[in-house]
Amino acid sequence: MTYRILVLYGSYRSDRMGIRLADYTVDGLRARGNDVELIDAKAIDLPMLDRMYKEYAPGSAPMAMETLAAKIRAADAFVFVTGEYNWGMQPGLKNLTDHFLEEWFWRPAAVVSYSAGRIAGARSNFVWHGTLSEMGMVVISSTITVGPIEQTLTADGKPTGDAGKQLDRAFVRFADDLDWWTEAVKLQRARKAPPY
Ligand SMILES: Cc1cc2nc3c(=O)[nH]c(=O)nc-3n(C[C@H](O)[C@H](O)[C@H](O)COP(=O)(O)O)c2cc1C
């Protein structure tokens, strides 16, 4: 079955590395027949949070925010690709995410993390889990951790070396789990409309 999946990534750095994992994730989910879109926070470049989307009068939100709200509402599942800065989240992705709330509700979310070293973004991965749960998503237990990212993925997001082979193996189970939860939630949403 084809699911509409958003892959969200939020580094604003000129020399950013995480785009490799974002591209890899998009390619991997597409290869399974899904309709996948990369949501690149840097490209969308929402302002630092002032008003949330819902705080604008209908039709008066900035166009980029309006367009993104529609994409979030139409999605069946989300994958958050995160690196870590000083043990925490990357602010660009957090800023984009915080602009919305109800738009995220009642869908599964997965976290995929990376870093320059062997810790593989595990600490921000952990933090995102609680945040996405608070924001009304069902956070799946399967995750992907990539580190060091430079030794795992090429600049165009292709797996390389032994670490790349391990990533390919891990991705199958991860994507199967996301698929299961996406189907489960989609069926339930069709059976019974969410209460709000
Ligand atoms: C401000 C800053 C803080 C960082 N802090 C951490 C950290 O706490 N843990 C870690 O594993 N790597 C850390 N790194 C290294 C990142 O893992 C590495 O730069 C990674 O490529 C960042 O993702 P990006 O390239 O997509 O922006 C940090 C990098 C920056 C720029």
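Every number for a ligand or one of its atoms is a count from 1 in the order of the listing.
The aromatic ring centroids of W106 and Y196 lie less than 6.0 Å from each other.
The atoms of ligand 1 that sit less than 4.0 Å from any heavy atom of R123 are 9 (N). Atom numbering of ligand 1 starts at 1 in the shown order; those under 4.0 Å from a heavy atom of S11 are 24 (P), 26 (O), 27 (O). Below 4.0 Å from some heavy atom of Y114 lie the following atoms of ligand 1, by number and element: 23 (O), 24 (P), 26 (O). Short contacts between ligand 1 and Y9, defined as distances under 4.0 Å to a heavy atom of the residue, involve ligand atoms 26 (O). Listed by atom number, the atoms of ligand 1 under 4.0 Å from I119 heavy atoms are 11 (O).
Within 6.0 Å of CD on E150 lie no more than 12 heavy atoms contributed by other residues, nucleotides or ligands.
Looking only at heavy atoms of the protein, atom 15 (C) of ligand 1 is closest to A116 CB, 4.2 Å. The protein atom (non-hydrogen) at minimum distance from atom 8 (O) of ligand 1 is W87 N, 2.8 Å.
Side-chain atoms of S115 come within 3.5 Å of backbone atoms of G121 as a donor-acceptor pair (strictly under, hydrogens ignored). Although no hydrogens or angles enter the test, the distance criterion places a donor-acceptor pair under 3.5 Å between the side chain of R20 and the main chain of L153.
Closest heavy-atom approach to atom 7 (C) of ligand 1 within the set R13, E84, Q90, E150: this belongs to E84. Across V81, I149, N86, L93, heavy-atom proximity to atom 1 (C) of ligand 1 is greatest for N86.
Classified by interplanar angle (parallel below 30°, tilted 30° to 60°, perpendicular above 60°), the ring pair Y114/Y9 is tilted. Note on ring orientation: taking the six-membered ring where Trp is involved, the planes of Y53 and F100 are tilted (angle from 30° to 60°). Ring geometry, F78 versus W104: the interplanar angle exceeds 60°, so the pair is classed perpendicular (tilted spans 30 to 60°).
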Given the rule in the ring pair (Phe, Tyr, Trp, His ring centres under 6.0 Å) test, do F171 and Y24 qualify, once you have shown the distances and angles that lead to the verdict?
CA-CA 10 Å; F171 191 84; Y24 173 85; 5.3 Å; yes
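Considering backbone and side-chain N/O of Y85, one or more are found under 3.5 Å from N/O of ligand 1. Residue S115 has at least one nitrogen or oxygen atom sitting less than 3.5 Å from a nitrogen or oxygen atom of ligand 1, judged on distance alone. Ligand 1 has an N or O atom lying under 3.5 Å from an N or O atom of M17, backbone or side chain.
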